[in-house]
Amino acid sequence: MPEVKVVVAHQERATLRVGDVFLKIDADPGRTDVEVEAMALAPVPTPDVLWHRPPVLALAALPGAALGRLGEPSTASPAAWAASGAAVRTLHDAPLPPWPGRSLDELAARLDAECEWLVSNRVLPTDLVTRNRHVAEAALRPWTPVFAHGDLQIAHVFVDGDEITGVLDWSEAGAGDALFDLATLTLGHEEHLGDVLAGYGADVDVDVIRAWWSMRSLLGIRWLVEHGFDPSSPGCEVDVLRARM
């Protein structure tokens, strides 16, 4: 009998692995609806959908292993990182999905709220928040929307050798900023940005990628703390913010 392994679990969702099947249970069934539709539209490898009965989505396991983990050195080759950049470019060149993404006003309001919370609750030093907020504001500019994954953490990109075998977790997909995806992929792994951009094959504003590193970290810390994760672990969000000082 295959064992049941808890991959991730918190108040909003849980993912279980049973043999070669992943079961995703989401408190918001709309997120799994988006995930299924996004995977059907995405021109990159994705897991096979075995069945979908909200709030549960069953997916087949992908071959290979994750490109890496936040807070841990990546053992993937430079060619694998470049292949991930090429896959992201293929996604960004695809037609937009038929649902909207986040607005600049929404992001600006969230940045205000999260920075205020971080300072007022003494979660981070004021100077660290202030500096990174200044850096993050460079991301708040008009962009041409692309088909964006929306949560392209390295743990969501699977490789086998130098080949991409699939991309996971599409519940945040939508029309978004291309540089947000590139920043999320390289968050905490800045040393691989050059490889990713070589595979991506387009000129990008690296200062905006750095801005998204700060933005994503500032916006994510409260959620991580409230859901039992530690953003101050080595190499994670707090270290990303410190690197901008």
Side-chain angles (χ1 to χ4, degrees), residues 7-8 15 17 20 22 35 38-49 59-95 97 139 143-144 146-173 176-217 220 233-237 239-240 243-244:
V7 179
V8 64
T15 300
R17 180 168 187 166
D20 289 332
F22 285 88
E35 182 158 6
M39 288 192 294
L41 295 173
V44 298
T46 61
D48 290 334
V49 176
L59 301 171
L62 289 170
L67 188 63
R69 302 281 176 185
L70 184 62
E72 301 175 8
S74 171
T75 60
S77 68
W81 281 90
S84 70
V88 175
R89 180 64 184 273
T90 299
L91 175 66
H92 290 172
D93 285 343
W143 61 71
T144 300
V146 300
F147 189 160
H149 179 278
D151 190 22
L152 197 63
Q153 304 174 45
I154 55 171
H156 294 164
V157 179
F158 271 60
V159 297
D160 187 359
D162 298 337
E163 302 292 328
I164 301 296
T165 60
V167 181
L168 299 171
D169 287 337
W170 292 80
S171 61
E172 304 297 325
D177 182 11
L179 301 193
F180 177 74
D181 271 355
L182 293 172
T184 303
L185 180 63
T186 54
L187 184 77
H189 289 271
E190 301 177 22
E191 70 277 10
H192 294 293
L193 178 59
D195 296 324
V196 169
L197 295 184
Y200 192 72
D203 291 333
V204 304
D205 189 335
V206 175
D207 285 339
V208 175
I209 290 180
R210 294 190 183 102
W212 277 121
W213 286 337
S214 290
M215 176 81 77
R216 183 177 175 98
S217 298
S233 295
C236 294
E237 285 79 4
D239 276 353
V240 170
R244 307 277 73 80

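Basis for what follows: all heavy atoms, side chains included, without hydrogens, waters or symmetry-related copies. These numbers were taken from a predicted model, which means no experiment stands behind them.
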Nearest atoms (heavy-atom pairs only) where Leu62 meets Val167: CD1-N, 4.1 Å
Rounded distance [0.5 Å steps], OG in Ser84 versus CG in Leu152: 7.5 Å
N/O donor-acceptor pair under 3.5 Å between Asp181 side chain and Gly150 backbone: yes
Pair Leu197-Val206, side chain to side chain contact (heavy atoms under 4.5 Å, CB included): steps then yes or no: CA-CA 10 Å; Leu197 295 184; Val206 175; 4.2 Å; yes
Donor + acceptor pair across side chains of Thr165, Asp160 (<3.5 Å): no
Close side-chain approach of Val49 and Glu35, heavy atoms under 4.5 Å: no
Residues forming a ring-ring contact (aromatic ring centres under 6.0 Å, His included) with Trp170, sequence neighbours excluded: His149
CZ (Arg69) with more than 12 external heavy atoms under 6.0 Å: no
Where Pro47 and Leu59 come nearest, the two heavy atoms and their spacing: CB-CB, 4.1 Å
Inter-residue atom distance Thr186.OG1 - Arg210.CZ, 0.5 Å rounding: 10.5 Å
Gly201 backbone acceptor or donor facing Arg89 side chain under 3.5 Å: yes
Flag if over 12 foreign heavy atoms under 6.0 Å of CD, Glu191: yes
Worked check of side chain to side chain contact (heavy atoms under 4.5 Å, CB included) between Phe22 and Val7: CA-CA 9 Å; Phe22 285 88; Val7 179; 3.8 Å; yes
Evaluation steps, side chain to side chain contact (heavy atoms under 4.5 Å, CB included), between Val157 and Ile164: CA-CA 7 Å; Val157 179; Ile164 301 296; 3.8 Å; yes
Closest non-hydrogen atom pair between Val44 and Ala87, with its separation: CG1-O, 3.4 Å
Polar side-chain atom of Trp213 near backbone of Ala183 as donor-acceptor pair, under 3.5 Å: yes
Spacing of Asp20 atom CG and Asp48 atom CG [to the nearest 0.5 Å]: 11.5 Å
Option passing side chain to side chain contact (heavy atoms under 4.5 Å, CB included) with Leu179 (candidates Val208, Thr184, Val146): Val208
Heavy-atom pair with the smallest gap, counting every atom of Gly176 and Trp143: C-NE1, 3.6 Å
Side-chain donor or acceptor of His156 paired with backbone N/O of Leu67 under 3.5 Å: no
Where Ala211 and Ala139 come nearest, the two heavy atoms and their spacing: CB-N, 3.6 Å
From CG (Leu193) to CG (Leu182), nearest 0.5 Å: 8.0 Å
CG-CG distance between Leu185 and Asp151, expressed to the nearest 0.5 angstrom: 11.5 Å
Pairwise distance CG(Asp162) to CH2(Trp81) - rounded to 0.5 angstrom: 13.5 Å
Contact summary for Ala76 and Ala80, nearest pair of heavy atoms: CB-CB, 4.1 Å
